[in-house]
**Student:** 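Provided herewith is a single structure, encoded as structure tokens, for subsequent inquiry.
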Amino acid sequence: MPLVTVDVIKGVFTAKQKQQIIDKVTSAMIEVEGENLRGVTWVRIKEFESGDWAIGGQPLSTADVQGLAAGKAA
């Protein structure tokens, strides 16, 4: 019974985008484990507050991630 957790920063993804993440991660798992395990394949999204996530000791904010998505350096 697989459980996949996707960690994201709060406010970066819309509800629609989070549902797309869930759908696509589920599909990827089913490709590996087989259709019979779809009903017991769990995918959850865990959101962290802006600034509660750091890379190389530097806090990452919602705005930083949105800038990265727009092609700007954090």
Side-chain angles (χ1 to χ4, degrees):
M1 179 161 45
L3 168 62
V4 179
T5 303
V6 180
D7 294 338
V8 299
I9 296 175
K10 196 176 210 176
V12 171
F13 296 99
T14 66
K16 182 178 179 180
Q17 288 172 317
K18 288 187 276 187
Q19 185 59 54
Q20 289 174 326
I21 291 168
I22 291 168
D23 292 343
K24 290 183 181 209
V25 169
T26 300
S27 293
M29 290 300 299
I30 296 307
E31 283 185 40
V32 174
E33 64 192 15
E35 187 62 40
N36 289 337
L37 292 180
R38 181 179 293 275
V40 293
T41 299
W42 297 29
V43 177
R44 66 182 180 174
I45 296 178
K46 184 169 182 163
E47 293 184 304
F48 290 85
E49 292 295 329
S50 180
D52 284 354
W53 186 313
I55 298 176
Q58 299 299 313
L60 198 60
S61 70
T62 302
D64 293 332
V65 177
Q66 290 168 336
L68 287 168
K72 301 173 186 169

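All values below were derived from every heavy atom in this structure, side-chain atoms included, with hydrogens, water molecules and symmetry-related copies excluded. A quick note: this is a predicted structure, and the numbers were derived from the prediction, not measured.
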**Student:** Who passes salt bridge (charged side-chain N to carboxylate O under 4.0 Å, His left out) against Lys24, sequence neighbours left out?
**Tutor:**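 Here no residue qualifies.
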
**Student:** Enter the distance from Thr26:OG1 to Ile21:CD1 here, rounded to the nearest 0.5 Å.
**Tutor:**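 The CD1 atom of Ile21 is 11.5 Å from OG1 of Thr26, to the nearest 0.5 Å.
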
**Student:** Gly51 and Pro59: which non-hydrogen atoms are nearest, and at how many Å?
**Tutor:** O-CB, 3.9 Å

**Student:** Which heavy-atom pair separates Leu37 from Ile30 by the least distance, and what is that distance?
**Tutor:** C-CD1, 4.0 Å

**Student:** Can you measure from CZ (Phe48) to OG1 (Thr62) and round to the nearest 0.5 angstrom?
**Tutor:** 13.0 Å

**Student:** With sequence neighbours left out, which residue pairs that include part of residues 28-37 fulfil the side chain to side chain donor-acceptor pair (under 3.5 Å) condition?
**Tutor:**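 Qualifying pairs, neighbours excluded: Glu33-Thr41, Glu35-Arg38.
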
**Student:** Show the atom names and distances, to 0.1 Å, of all donor-acceptor pairs under 3.5 Å that link a side chain in residues 1-12 to residues at least two apart or in another chain.
**Tutor:**
unit_1	atom_1	unit_2	atom_2	d
Thr5	OG1	Arg44	NE	2.8
Thr5	OG1	Arg44	NH2	3.3
Lys10	NZ	Glu49	OE2	3.2

**Student:** For residues 2-37, pull every pair meeting ring pair (Phe, Tyr, Trp, His ring centres under 6.0 Å), keeping only residues two or more places apart or in separate chains.
**Tutor:**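 Found none.
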
**Student:** For Gln20, what residues pass the side chain to side chain donor-acceptor pair (under 3.5 Å) criterion, not counting sequence neighbours?
**Tutor:**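 With neighbours one apart ignored, the set is empty.
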
**Student:** Kindly write out the residues that satisfy side chain to side chain donor-acceptor pair (under 3.5 Å) with Gln19, not counting sequence neighbours, or none if the list is empty.
**Tutor:**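 Counting only residues at least two positions away or on another chain, Gln19 forms a side chain to side chain donor-acceptor pair (under 3.5 Å) with Asp23.
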
**Student:** How far does CD of Glu47 sit from CH2 of Trp53, to the nearest 0.5 angstrom?
**Tutor:**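 Going from the CD atom of Glu47 to the CH2 atom of Trp53 covers 10.5 Å.
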
